[in-house]
Amino acid sequence: MSLQSVREFFAEHAPEIEIIELNQSTATVALAAQAHGVAPGQIAKTLSLKVKNQVILVVAKGDARLDNKKLKTTFGAKARMLSSDEVVTITGHPVGGVCPFGLENPLTVYCDISLKAYEEVLPAAGAIHSAVRISPEKMAELTHAAWIDVCL
């Protein structure tokens, strides 16, 4: 169902973007980078966080790490990662396939400036074997994301 919701999202908002489906898992940054023949940083990982009582998504380059001080400064509170069960329930996507497209529930999306290092990034597309090739700017535009600086 998750891959289908992403298909529907792109059919409606950006039909020119194709979903890439592979026979192997791309559930981790390392697996995805190897499968797509790109640097780990070019994989756009989507992190599901809870800040105060709000769930947000932060999309960052694959080899970036969240900086807790920057997160707290940006959002005014500590952030915690969601559990695997919470991720599936709230986003509708399985861990390893989480992306900012075709979400089960409307969520605020942020893109970390680390993504701007690349002309093209590969976020997952709702399944552990799917992705899309997209510019960071187009991804932010499609998801109405704000740009933030919360990674090391």
Side-chain angles (χ1 to χ4, degrees), residues 1-36 38 40-66 68 71 74-115 118 120-148 150-151:
M1 184 61 178
S2 183
L3 178 57
Q4 185 59 35
S5 68
V6 174
R7 276 195 182 105
E8 291 167 6
F9 175 90
F10 281 110
E12 182 178 340
H13 300 287
E16 73 281 4
I17 296 177
E18 291 183 40
I19 294 176
I20 302 161
E21 292 184 73
L22 301 176
N23 291 327
Q24 68 225 60
S25 174
T26 56
T28 67
V29 169
L31 288 172
Q34 183 178 14
H36 292 288
V38 297
Q42 206 170 346
I43 302 302
K45 63 183 175 184
T46 303
L47 305 168
S48 307
L49 305 172
K50 188 166 194 173
V51 180
K52 298 178 184 170
N53 290 323
Q54 183 184 12
V55 174
I56 62 168
L57 299 180
V58 175
V59 187
K61 71 178 191 161
D63 55 2
R65 288 187 33 230
L66 287 174
N68 289 325
L71 274 169
T74 301
F75 295 110
K78 283 187 174 183
R80 76 163 178 86
M81 298 289 283
L82 297 185
S83 70
S84 298
D85 288 342
E86 288 174 311
V87 168
V88 173
T89 300
I90 294 170
T91 69
H93 301 318
V95 172
V98 178
C99 63
F101 318 111
L103 297 166
E104 180 78 20
N105 297 289
L107 297 172
T108 303
V109 178
Y110 296 92
C111 288
D112 185 76
I113 61 169
S114 62
L115 293 167
Y118 301 98
E120 183 179 72
V121 294
L122 287 93
I128 62 166
H129 56 77
S130 65
V132 295
R133 289 182 177 268
I134 191 169
S135 73
E137 292 77 15
K138 181 72 171 177
M139 180 171 54
E141 175 191 324
L142 287 172
T143 61
H144 308 288
W147 288 98
I148 57 174
V150 293
C151 290

Shortest non-hydrogen contact between Thr143 and Val109, atoms and distance: OG1-CG1, 3.8 Å

Shortest non-hydrogen contact between Gly126 and Ser2, atoms and distance: O-OG, 2.8 Å

Interatomic spacing from CD1 in Ile19 to CZ in Arg7 - rounded to 0.5 Å: 5.5 Å

Inter- and intrachain pairs under salt bridge (charged side-chain N to carboxylate O under 4.0 Å, His left out), touching residues 48-63, at least two apart: Lys61-Asp63

Val29: partners by side-chain contact (heavy atoms from CB on, under 4.5 Å), with sequence neighbours left out: Pro40, Ile43, Lys45

Distance in Å, Thr74 OG1 paired with Ile56 CD1, rounded so as to fall on 0.5 Å steps: 9.0 Å

Pairs involving residues 76-91, ordered by first then second residue, that meet side-chain hydrogen bond (donor to acceptor under 3.5 Å, both in side chains) (sequence neighbours left out): Arg80-Glu86, Ser83-Glu86

Residue pairs, two or more places apart or on separate chains, that pass side-chain hydrogen bond (donor to acceptor under 3.5 Å, both in side chains) and touch residues 123-139: Glu120-Arg133

Value rounded to 0.5 Å, distance of CG in Leu66 from CG in Asp112: 8.0 Å

Closest non-hydrogen atom pair, Ala127 against Pro94: CA-CG, 4.3 Å

Minimal non-hydrogen separation, Ala79 against Val51, with atom names: CB-CG2, 3.7 Å

Residues, nucleotides or ligands: over 12 heavy atoms within 6.0 Å of Gln34 CD: no

Point-to-point distance, once rounded to the nearest 0.5 Å, from CG of Leu57 to CG of Leu107: 5.0 Å

Set of residues satisfying side-chain contact (heavy atoms from CB on, under 4.5 Å) with respect to Pro123, sequence neighbours excluded: Ala44, Phe101, Val121, Val132, Ile134, Met139

Sidechain-backbone polar pair: Thr26 side chain, Ala32 backbone, donor-acceptor under 3.5 Å: no

Atom pair CG/CD1 of Leu103 and Ile90 - distance to nearest 0.5 Å: 11.0 Å

Shortest non-hydrogen contact from Val59 toward Pro100: CG2-CG, 4.0 Å

Residue pair Leu49, Leu71: steps toward the side chain to side chain contact (heavy atoms under 4.5 Å, CB included) verdict: CA-CA 10 Å; Leu49 305 172; Leu71 274 169; 4.1 Å; yes

Under the side-chain contact (heavy atoms from CB on, under 4.5 Å) test, residues paired with Ala30 that sit two or more places apart: Thr28

Euclidean distance, Cys111 SG relative to His144 NE2, rounded to 0.5 Å: 12.0 Å

Considering all heavy atoms, the nearest Cys99-His93 contact: O-CD2, 3.4 Å

